[in-house]
Every structure is written in C-alpha cells, then in structure tokens.
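Read the numbers this way: they start at 1 and go in the same order the structure lists the ligands and their atoms. Sequential numbering from 1 along the given sequence is applied to the chain's residues.
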Amino acid sequence: MAQILAPSTQWKMKIAEIYSTYTTPTTSKMSSLLLRQNKKGAHTSSNKFQVLAIKSENSTINRLENLLNLDITPYTNKIIAEYIWIGGTGIDMRSKSRTIPSPVEHPSEIPRWNYDGSSTGQTTGVDSEVYLYPQAIFKDPFRGGDNILVICDSYTQEGEPIPTNKRHGAAEIFSHPKVIAEVPWFGIEQEYTLLQKNVKWPLGWPLGGYPGPQGPYYCGTGADKSFGRDIADAHYKACLYAGINISGTNGEVMPGQWEYQVGPCVGIEAADHIWCSRYILERITEQAGVVLSFDPKPIEGDWNGAGCHTNFSTKSMREDDGYEVIKKAIINLSLRHKEHISAYGEGNERRLTGKHETTNIDTFSWGVANRGCSIRVGRDTEKNGKGYMEDRRPASNMDPYVVTALLAETSILWEPTLEAEALAAQNTSLKAKKNHATGLPPCIYVDLPS
Ligand code: ADP
Ligand code: MN
Ligand code: MN
Ligand code: MN
C-alpha cells in the first residue's frame with residue numbers, strides 16, 4: 001500500500017510503467033477489499049493492481065480516487081464531520097475534520113471543538129484557543145455517505161462570541177418574539193467571479209487583455225460566452241445533495257461571473273445555507289484549480305460588479321395589504337441607509353457607483369421593477385398588493401448573518417421618531433408624484449436624514 005501514499009509524481013505513472021513496476025501480489029486484507037469492489041461490478045481484470053486502477057484521459061492511473069471513493073460503511077459506523085467556521089477577514093472560510101462515533105441528525109449531537117485563533121487572525125498568540133459551537137449540519141457532497149459538513153460559530157473559553165462571530169447577534173434578533181411572529185423570509189442572490197489560478201484574471205479572458213464588451217454573456221451559452229459552467233453546475237448539484245435550499249443559478253453579465261440563489265429561507269437559516277454554499281463552492285473551485293473571488297468589483301471599468309441582492313419579506317408583507325407594510329419598511333430603510341451600507345460588505349463603494357445596474361452608494365431610492373434603485377419592488381408585488389422587496393445594495397462579500405439580521409431589525413423591530421417618519425413619507429410621496437408627472441422611470445430618490 002505504501003506506493004499509494006507516495007507523492008503525485010510517483011503515483012501518476014503511465015500504464016506501461018505500472019505494468020513493469022508493480023508485480024508483487026496484494027496482501028490478504030487488500031484482496032478482500034478488491035473482492036468487495038469487484039462484487040459491485042466496478043472494475044474487472046486479471047491483474048490485481050489493474051482492479052484498483054481508474055484509467056484517466058491521459059492514460060495515467062489515479063488510485064487515490066479509489067480511496068477517496070471507498071465505501072467504509074461495511075467496516076465502521078464512524079463518520080467524518082468537517083467543522084467549518086469563518087476566519088479573521090470575515091470572508092475566509094476555514095475547516096478541519098473530526099471522527100464522530102456514529103451518524104447524527106442534529107448539530108447538538110456533535111461535540112464542541114476548538115482551533116488556534118492566532119493562525120486565523122482572530123486572537124493573539126498568548127490566549128489563542130477559540131471554541132467552535134456546531135450550529136447547522138449538511139450532508140457532505142465530497143465524502144458522501146453519512147459524513148457531514150458542520151457550520152460553527154466561534155467563542156472564547158468563557159463563552160463570549162469573538163468579534164468576528166456575527167451569527168451570535170443575528171441569532172438574538174431572529175429569536176425575538178416579534179421577529180419570530182413575522183416569519184421573515186430571505187432569498188439571497190450570491191454572485192461570484194472565477195479567476196484563472198496564477199494570474200488572478202477572470203476565467204475565459206485573454207491573458208493581459210479583455211473580452212468583447214458586456215452583452216452576450218448574461219445567461220449566455222457557447223464557448224465564447226460561458227466560462228466555468230461545469231463549476232456552477234457541479235456546485236448546484238452538490239448544494240442540492242447537501243440539503244441547501246438552492247433555488248437556481250445563472251451566468252452573469254460579466255464573463256467569468258456567475259450567480260446562484262438560495263431561498264426563500266426562514267430567519268437565520270438563510271445565512272447558514274449561504275455560508276455552507278460558499279464553502280462548497282470554494283472546495284469545488286479548489287478541485288478545479290480556479291480561484292473563487294467574492295470581490296464586489298473584481299475588474300475596474302465598464303464591467304458589472306458582484307452583488308448579493310437580498311430579497312426579503314415578512315408575514316405581513318406576504319398577506320393582503322402587504323404592499324403598505326413594504327412601503328413602511330422602505331421608509332425605515334431610507335432612514336437607516338448609512339447604517340446598512342456600512343454593514344453591506346467591504347469595498348462596496350467600488351461597486352455602487354450609480355452605473356451597471358446599481359445606485360450610487362450615497363443615495364437611497366426605490367422603485368417598481370427598476371434595477372437602478374437601492375430597493376426594487378417586483379411588478380407582481382405591486383399588482384397583487386403584497387409580496388416582497390429586493391435590497392440590491394449588499395455586496396457579494398457581505399456577511400449574510402449581518403445583512404439578514406439588520407433587514408429584520410430595521411423593518412420589524414426599529415421605530416423611527418414620528419417626525420422623521422412623517423418627513424420621509426411626505427418626501428417619498430412628493431417624489432413619486434413628480435416622477436409620475438414627468439414620466440420618469442419609477443425610481444424614487446428619497447432624501448437621506450442629515
Ligand atoms: P432577480 O430577478 O433579481 O435576478 P432571482 O430570481 O435571481 O431574482 O432571485 C429572487 C430570489 O427571491 C429567489 O432566491 C427567491 O427564492 C426569493 N424570493 C421569492 N419570493 C420571496 C419572498 N416572498 N420573500 C423573500 N424572498 C423571496
Ligand atoms: Mn438574480
Ligand atoms: Mn445577478
Ligand atoms: Mn436581483
């Protein structure tokens with residue numbers, strides 16, 4: 001078995017070399033393994049080593065793949081749990097593996113764990129222990145079987161959430177009785193960019209150059225328009241397998257850029273699902289040798305940035321006369337614009353320029369069916385008098401714990417002063433009338449509180 005553990009240059013041998021090199025018989029343990037595999041009808045051959053081998057396109061033999069795909073269930077009840085957490089930058093994901101005695105169904109069945117926070121930029125070296133609390137589990141699409149991915153958040157030894165743990169505060173908002181009663185739904189559109197590994201230039205773009213201008217790429221097909229579909233598609237299936245509430249995917253306006261949607265999810269689940277889907281994407285791109293970027297404006301110039309539109313509704317918004325509740329929430333959102341913007345992702349000012357389907361970061365606007373506004377209300381919502389709204393401001397690198405909790409807080413828990421509310425409402429209706437009179441597109445700019 002030793003040769004299987006050898007470095008890649010040794011185990012990736014040409015078939016001819018394998019024939020001449022490995023003529024020693026297998027051990028008895030190994031042949032029982034081969035027998036089992038043979039029974040499943042996967043491979044047949046008279047040569048024992050060939051039985052284990054998978055033939056790849058370039059005629060090299062990769063027996064690691066066999067080991068990765070080993071079904072261990074006949075031999076052990078143990079499973080592998082991949083503990084996942086957010087690192088010090090607030091967007092990097094870290095993970096490590098641990099054996100659990102038997103399959104589990106709930107995060108409370110697996111132990112808390114710890115990691116070295118000084119190596120993730122989250123503590124000083126002196127007191128480096130950070131504790132992981134399992135919060136949500138998903139099926140592991142990489143290991144298969146009963147193995148799991150575990151979304152955790154991070155605490156000090158005393159049980160205090162560390163500063164980068166945004167889940168803790170979000171869980172408080174989502175456990176507020178008023179918020180629970182409003183059953184908040186979130187549908188998050190996660191955009192991302194794929195980059196060529198060594199040059200960090202978008203996938204499909206000529207090295208040192210640019211592709212033709214935007215236009216043909218959005219939802220495009222064809223070798224000159226769609227770059228990285230296998231990654232997007234592999235991710236889609238892996239997410240469905242994992243139990244993530246992924247609802248769709250599409251190619252984006254900038255070539256090499258993609259989007260997938262998660263939701264509608266209730267409360268904190270939206271953010272747990274987004275973080276797990278990001279982790280899976282990062283693992284798939286790792287395998288594909290492509291770099292994943294959540295930068296809100298990966299390429300300067302006339303190229304769309306990457307956002308994380310957050311669609312949101314409460315029970316009252318989804319019920320009759322919900323449109324009035326939506327408009328009231330929009331007034332609250334306008335009054336807290338600056339607070340929201342500061343929590344909507346690093347570098348978002350490079351994306352929210354007022355061009356490329358965005359509003360300028362310093363203005364707040366809303367409108368029906370208008371993609372140039374901060375908040376968009378769908379035509380169906382206006383027509384039905386109920387539904388949801390889309391906050392188009394969050395950047396692709398936003399923390400969904402922060403954004404979903406803030407949306408719930410501002411629209412369900414927060415109350416403006418009566419004076420501020422009256423002013424904003426008057427201001428909004430004046431602007432709406434003016435827009436209507438001049439035949440301007442239905443985007444209503446609301447003056448921000450000074
Ligand atoms: P866009 O037209 O902006 O590209 P998408 O189809 O990409 O929109 O995403 C819309 C998202 O809104 C989906 O994730 C969907 O699940 C979500 N959604 C639909 N209805 C609601 C609702 N009532 N409340 C919250 N989110 C919703
Ligand atoms: Mn979309
Ligand atoms: Mn999009
Ligand atoms: Mn959208």
Validation row, ring centre Y401 to ring centre H168 under 6.0 Å = no
Would you confirm whether the ring centroid of F312 sits within less than 6.0 angstrom of the ring centroid of Y388?
-> no
For the Mn ion (ligand 3), the closest N/O/S atom belonging to [X]:
X    : answer
E191 : OE2
E252 : OE2
E259 : OE1

Could you tell me whether K297 and D295 have a side-chain N and a carboxylate O separated by less than 4.0 Å?
-> no
Residue pairs, two or more places apart or on separate chains, that pass ring pair (Phe, Tyr, Trp, His ring centres under 6.0 Å) and touch residues 321-357 | H337-F364, H340-Y344
For residues 99-108, run the donor-acceptor check on the side chains, cut-off 3.5 Å, and write out each pair with its distance to 0.1 Å, sequence neighbours left out.
from	atom 1	to	atom 2	distance (Å)
H106	ND1	S108	N	3.1
H106	ND1	S108	OG	2.8

With a cut-off of 2.8 Å, strictly less than, protein N/O/S atoms near the Mn ion (ligand 4) add up to 4
Evaluation steps, ring pair (Phe, Tyr, Trp, His ring centres under 6.0 Å), between W85 and Y115 | CA-CA 10 Å; W85 69 96; Y115 65 94; 4.2 Å; yes
What residues, two or more places apart in sequence or in another chain, satisfy side chain to side chain contact (heavy atoms under 4.5 Å, CB included) together with E409?
-> I173, R336, L406, L413
